[in-house]
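First the structure, in the form of structure tokens, and then the observations on it.
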Amino acid sequence: MLRPMVATTAVTAALILLAGCGGNDKKSESSSDGGGDTSTTSPTPSAPPIASFDPPKAFAVAAAYPSMRSQGQSSAEESTVGMVGRTAVIAGTDGMTGRDIAGQNSSWTVPAKSAPTTEVSEQTKPVAAKVDGKDVVAIAYAETDKGNGTQKPKGLIVFQWIDPTDGKKVAEVTADLSQSLGPGAGSPELGAQAYDPETGQFAVGVSADGTSQKVGQVFTVYADPKTQKSSVLPFVNPAGVLNGTIAGAKAGNTEGAGNGTVVLADAASGKITKQFPTGMDYLNPVAGGPKHGYFYGHKFTSSRSGSTFKEDYNNTLYSVDYAIGAVVPTKPASAPKDDMTFECLSDLASAVVCAGGQGDGSRELIGFDDATGKKSWGYTSQSANRVVPEVTAAFHGVVYAATESQAVLLDAKTGHDLPSATPSSSDSSSPTSSDTPGSGDTPSSSDTPSSGDTSSSGDSPSSSDSPSSGDTPGSSDTPSDGTGNPGSDMSLYNGKQDSPDAVSANGAVYRQSANADANDLESILIVLKPTA
């Protein structure tokens, strides 16, 4: 799977002093019990600085947290992770937990549901967005409400926007799907997700499960944290959202349908404002960039010339401009001997990268300039001197990916390999040589804190670090293992640093698979600190 990227510029190391413990710069007033005591209260020690690199190009493992399997969660269902500023988050059907990258703020957990009669079946990937200019974690859950007396259960999509610092809800919107999917239709099934990072507007593709008469039909469910309202767009699957406009796909997605259409719609009213027929049998959303939504379509074609019968596939990627509706088609370079599967990521700035593959194992990587929606670079697994890596994330000009042997970085603008970086001397956290990643960015054994490592006074867990009743089992703030992060257990880390799943200027995060014999352990949350 893939994740986000951006146009690469020279990386300037910068330290952001974040008030995790918050010093008091007001002088204390004189004692009121006489004596004219003029002594002042000692200021609270400030928290250690958090390194910030935009974008980061090297990491060191900061903590490892166990993530327990949600109640009723099958082995096939996986948690999802995100990175918002300095907070790493992991979500499952029970809810979402956030942890400060340096352990300077208490962890928090927000449950997915508020009533015991509601069942949660799926969750989206938690993403970084803003509401009224403030950072939030945005997420959506697919739920079934069974607490309606004699009325049949109804499907819900619950959207949450959470303050990443303390876990408080900034907004929550519940969309009732009983009109779209029908009462008693079973659990809604989530498809594509799209969001506007600057407004927090969120859209998800939803379909009915096999118990509904509307099985196979797709709807876009949209919610706005500012207006606290939701809407439903029938037969549309979302690729991107920008300031109240949804870019989506309408298609029968069946052989011979030929009705694949790129659309723009007003999100609040659900009215389609522009349409672009592609003639494809299959058309699906793959990414939303800051200026364009992206789609992949394919169609089986055949022709006969005399005694020669030719069969192949028409494979095409499309971008649509949110503002004017202009559509740009792009043909993959791979031979059209089979339909392809594409996964794409935006770097949230100026680039989108798409990785595709065919059934024979051939792979292709394509980079788009999001300003124009046009292809800017690309190569295939047939290239003489390059392999196509697995793309895991993208952020502000950098593509984070992995080959069979190591984590790698690519320039999102050009596709060129980026050299491994070493920590800047301006990093006041003064990383030692053990913090410097090798060619594969794999930390050495010295990266694992020894028993002699102690946290600074700013990292010591306070009484407020005690887990709340809503904390996910196994993720409570137990004493630090020496990393300064309460609840971390570095013995769970397998010693091989992988490419991140989500990145911010302050850090990164990924899921490490749990041991097969750990029945209750769903995965390990690995938190990375940036070093360059």
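- In this structure, the salt bridge (Lys or Arg N to Asp or Glu O under 4.0 Å) partners of D176, at least two apart in sequence or on a different chain, are K154.
- Listed here is the closest heavy atom pair of A175 and S230: CB-OG, 3.6 Å.
- For the side chain to side chain contact (heavy atoms under 4.5 Å, CB included) test with Y65, the passing option among D489, V527, I526 is V527; the others fail.
- The OG atom of S106 sits 10.0 Å away from the CG atom of D166 when rounded to the nearest 0.5 Å.
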L156 and Y141: CA distance, side-chain angles, deciding distance, side-chain contact (heavy atoms from CB on, under 4.5 Å) verdict: CA-CA 8 Å; L156 307 173; Y141 297 94; over 6 Å; no

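- Under the ring pair (Phe, Tyr, Trp, His ring centres under 6.0 Å) criterion, F368 pairs with Y294, not counting sequence neighbours.
- The CG atom of D196 lies 8.0 Å from the OH atom of Y322; values are rounded to the nearest 0.5 Å.
- Between P530 and G507 the shortest heavy-atom distance is CD-CA, 3.7 Å.
- A salt bridge (charged side-chain N to carboxylate O under 4.0 Å, His left out) check over residues 504-513, counting only residues at least two apart or in different chains, returns the pairs E78-R511, R511-E522.
- Residues passing the side-chain hydrogen bond (donor to acceptor under 3.5 Å, both in side chains) test with D281: none are found, sequence neighbours excluded.
- With sequence neighbours excluded, the residues forming a side-chain hydrogen bond (donor to acceptor under 3.5 Å, both in side chains) with Y296 are N315, listed by chain and number.
- Contact detail for A401 and V391: the closest heavy-atom pair is CB-CA, 3.9 Å.
- A salt bridge links R86 with D100; the closest basic N to acidic carboxylate O contact falls under 4.0 Å.
- Taken to the nearest 0.5 Å, the CZ atom of F53 stands 10.5 Å off from the NZ atom of K529.
- The two residues P225 and T199 have their closest heavy-atom pair at CG-O, 3.5 Å.
- Interatomic distance, CD of E122 versus CG of L190, reported as 4.5 Å (0.5 Å rounding).
- Using a cut-off of 4.0 Å between Lys/Arg side-chain N and Asp/Glu carboxylate O, K130 and D132 are scored as not salt-bridged.
- Residues in residues 241-253 take part in these side-chain hydrogen bond (donor to acceptor under 3.5 Å, both in side chains) pairs, two or more places apart or across chains: N253-N284.
- Rounding to the nearest 0.5 angstrom, the gap separating the CZ atom in R69 from the CG atom in D94 is 11.5 Å.
- To the nearest 0.5 angstrom, I524 atom CD1 is 11.5 Å from M490 atom CE.
- When all heavy atoms are compared, the tightest approach of Y195 to A128 is CE1-O, 3.4 Å.
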Worked check of side-chain contact (heavy atoms from CB on, under 4.5 Å) between L528 and V509: CA-CA 6 Å; L528 306 175; V509 65; over 6 Å; no

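- In summary, E119 and K146 engage in a salt bridge, as defined by a charged side-chain N under 4.0 Å from a carboxylate O.
- Two residues are said to be in side-chain contact when any heavy atoms from C-beta on lie closer than 4.5 Å; I90 and M96 fail this criterion.
- Between H298 and Y282, the ring planes are parallel. Angles under 30° get that label, and only those over 60° would be called perpendicular.
- The shortest non-hydrogen separation linking T124 to Q193 is CB-OE1, 3.2 Å.
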